[in-house]
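What follows is a set of notes on a single structure, which appears directly below.
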Amino acid sequence: MMREFESKDGVMMIGGKSAVEIAEEFGTPVYVIDEARVRENYRNIYGAFSRFMDTKIHYACKANTNLALLRILEQEGSGIDAVSIGEVKTCLKAGFTPDRIMYTGVNVSNQELKEVADLGVMINLDSVSEMERLAEIAPQHEISFRITPGVGSGHSAKVITGSKGAKFGIPLDEVINTYARAKDLGFKIKGIHAHIGSGGQVVEPFMDMMEVLINLVNEIKELGIDLDFIDMGGGIGVPYRPQEEEMDVGELAMNLTDMIQEETDIKTIILEPGRYIVCDAVVLLTGVNDVKDAGIKKYVGCDAGFNTLIRPAMYDSYHHVALANKFGKACTQKYDVVGPICESGDYLAHDRVLPEPVEGDIVAVYNAGAYGFSMSSNYNSRPLCREVLVNDGKAELVREAETVEEMWRHQIIPERLA
Ligand SMILES: *Cc1c(COP(=O)(O)O)cnc(C)c1O
């Protein structure tokens with residue numbers, strides 16, 4: 001089921017702190033990170049797999065790269081899945097040592113490969129071209145390969161990554177030749193990786209992918225290459241709707257580790273959950289600026305739009321919404337919850353029953369932790385918003401709101417136009 005929140009005197013509570021107080025103290029829009037929930041999610045997924053075999057969690061940090069959040073996961077013992085040099089450096093800054101980071105780029109430059117290799121971060125190669133280029137740069141480097149398993153899964157066509165013909169990974173019929181070539185080139189070959197997509201809610205595609213990986217591991221073994229790990233990628237979905245079932249990660253873990261242990265000599269499984277760890281640990285609080293009755297529709301106009309949370313506009317994603325200051329009050333009518341961006345596609349939620357809203361109310365947008373802040377933008381010249389961390393009833397600012405001046409800082413007006 002979707003995560004629910006405590007109510008105290010008609011106010012939503014996040015991590016033991018009133019959402020209304022957070023909004024008043026820090027301003028809106030604000031992303032509120034619940035530290036205890038981050039730790040709980042991490043321990044759930046790690047615990048589910050580590051009961052059965054040696055497990056490494058590489059948090060897919062593109063979901064949320066807030067430094068305080070990364071510190072929490074570093075303390076928990078997590079590793080990192082990074083997709084860019086920027087993410088690698090961000091995670092080093094947060095205290096992760098290079099050996100805990102794996103880099104999985106796609107269509108990356110030689111300069112970026114060199115920077116990553118020089119930092120001592122393992123590289124998960126996405127193509128034959130990338131392998132040949134890395135061989136020139138860092139021939140002894142530790143590597144694995146991302147393969148295209150021919151299995152896809154995800155909440156939207158835009159985030160399915162593992163299907164045949166995808167832009168990601170080594171095509172299946174080239175995998176064995178590629179491993180043979182990597183051995184000739186002198187790389188330290190550590191494992192095999194696949195990532196089928198993001199936000200899948202069923203176990204079967206993961207098992208289909210694992211079958212593909214296992215067959216490859218055994219064929220690769222015949223080349224005289226013994227791999228240390230299978231990396232199953234991320235993609236474990238979470239419920240976004242109130243009655244939605246959640247994936248049984250215990251069953252997922254049991255099935256996948258069973259297959260690995262029965263059919264291979266592989267000792268370690270790596271997982272790269274992003275969404276699973278942070279999604280329901282963050283709530284976006286947005287203030288109601290305007291309420292409009294447009295006849296056939298009623299609008300709740302908020303200070304967060306797709307500049308702050310793009311998932312509804314980009315993927316038609318459902319995010320549950322509630323009025324944090326009228327929490328649990330009877331709902332009266334249906335409203336569209338929309339933002340300040342000058343596009344009709346700017347919305348947070350369509351056709352939701354809410355208690356009668358007025359200006360000054362606080363809308364809580366659930367499940368905002370994954371691909372929320374990290375995909376936010378300056379569109380309409382709106383500065384990026386704040387982030388707050390709550391723990392044990394206390395709230396701390398972990399990112400200041402950007403200023404308008406800061407949005408200009410990299411622009412140059414040529415002298416002749418000054
Ligand atoms: C995005 C991504 C993930 C994480 O996906 P989630 O759905 O957030 O778990 C894991 N691995 C790779 C390579 C990715 O690109």
Side-chain angles (χ1 to χ4, degrees), residues 38 41-42 44-46 48-49 56-66 69-70 73 78-88 91 101-108 116 121-127 130 143-149 151-163 166-170 191-203 205-206 209-210 213 229-240 246-247 249 252-253 256 269-282 310-311 314-315 317 367-375:
V38 174
N41 289 344
Y42 177 85
N44 263 346
I45 192 73
Y46 178 71
F49 282 80
K56 284 188 181 147
I57 304 292
H58 284 183
Y59 165 60
C61 71
K62 73 177 187 286
N64 192 324
T65 45
N66 179 279
L69 173 91
L70 292 173
L73 290 168
S78 185
I80 290 290
D81 166 56
V83 297
S84 72
I85 182 68
E87 285 189 355
V88 169
C91 292
I101 304 174
M102 168 125 81
Y103 172 84
T104 301
V106 60
N107 302 326
V108 292
V116 173
V121 168
M122 185 170 140
I123 296 178
N124 188 28
L125 293 164
D126 183 75
S127 70
E130 193 183 349
I143 60 151
S144 59
F145 285 98
R146 176 178 192 162
I147 62 112
T148 319
V151 181
S153 169
H155 65 78
S156 152
K158 290 178 185 156
V159 298
I160 295 175
T161 53
S163 312
K167 89 166 177 180
F168 302 96
I170 310 287
I192 188 162
H193 168 277
H195 173 65
I196 56 179
S198 188
Q201 288 284 57
V202 282
V203 170
F206 289 95
M209 167 191 69
M210 190 54 75
L213 288 172
F229 66 80
I230 289 181
D231 184 334
M232 59 168 277
I236 301 169
V238 301
Y240 281 78
E246 60 190 85
M247 193 195 289
V249 292
L252 180 74
L256 296 180
I269 183 166
I270 299 179
L271 286 70
E272 302 168 344
R275 188 185 311 276
Y276 184 89
I277 292 177
V278 291
C279 181
D280 70 4
V282 180
I310 202 174
R311 298 190 70 257
M314 176 125 163
Y315 307 120
S317 300
N367 289 308
Y371 312 103
F373 187 93
S374 65
M375 292 180 87

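First listed ligand is number 1; within each ligand, the first listed atom is number 1.
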Revision key, fill the gap. Ligand 1 to Ala60, heavy atom cutoff 4.0 Å, flagged ligand atoms 3 (C), 4 (C), 10 (C)
**Study point:** Heteroatom proximity flag, Arg275 to ligand 1, N/O under 3.5 Å
**Key:** yes
Review point. Checking side chain to side chain contact (heavy atoms under 4.5 Å, CB included) for the pair Phe373/Val282: CA distance, chi angles, key distance, verdict?
Key: CA-CA 10 Å; Phe373 187 93; Val282 180; over 6 Å; no
Study note, to complete from the structure: Applying salt bridge (Lys or Arg N to Asp or Glu O under 4.0 Å) to Asp231 and not counting sequence neighbours gives none
**Study point:** Part of His195 within contact of ligand 1 (heavy atoms, under 4.0 Å)
**Key:** side chain
Check your understanding: Any side-chain donor paired with an acceptor under 3.5 Å for Asn64 and Ser374?
Key -> no
Study note, to complete from the structure: Separation between SG (Cys61) and CG (Asn66), nearest 0.5 Å, reads 11.5 Å
Review point. Is it true that Pro273 lies under 4.0 Å from ligand 1, counting heavy atoms only?
Key: yes
Check your understanding: Should the proximity of Tyr276 to ligand 1, defined as any heavy atom under 4.0 Å, be assigned to the side chain, the backbone, both, or neither?
Key -> neither
Check your understanding: ligand 1 and Gly235, any nitrogen or oxygen pair closer than 3.5 angstrom?
Key -> yes
Point to revise | Heavy atom of Ala63, distance to ligand 1 below 4.0 Å | key: no
Review point. For Gly274 and ligand 1, does the shortest N/O to N/O distance drop below 3.5 Å?
Key: yes
Point to revise | Centroid-centroid under 6.0 Å between His195 and Phe168 rings | key: no
Review point. Which value, rounded to the nearest 0.5 Å, describes the distance between Ile57 atom CD1 and Ile269 atom CD1?
Key: 9.0 Å
Check your understanding: How far is atom 8 (O) of ligand 1 from its nearest protein heavy atom, and which residue and atom name does that atom have?
Key -> Tyr371 OH, 2.6 Å
Check your understanding: Between Ser198 and ligand 1, which residue portion shows a heavy-atom distance shorter than 4.0 Å: side chain, backbone, both, or neither?
Key -> both
Practice item. Could you check Arg311 against His155 for side chain to side chain contact (heavy atoms under 4.5 Å, CB included), going step by step and ending with a plain yes or no? Key: CA-CA 11 Å; Arg311 298 190 70 257; His155 65 78; 3.4 Å; yes
Exercise for review: Taking side chain to side chain contact (heavy atoms under 4.5 Å, CB included) as the test, write out the residues that go with Ala194, two or more places apart.
Suggested key: Ile147, Pro149, Met209, Leu213
Study note, to complete from the structure: re atom 14 (C) of ligand 1, the protein heavy-atom contact at minimum distance is Lys62 NZ, 2.8 Å
Check your understanding: Nearest to atom 11 (N) of ligand 1, what protein heavy atom do you find, and at what distance?
Key -> Glu272 OE1, 2.6 Å
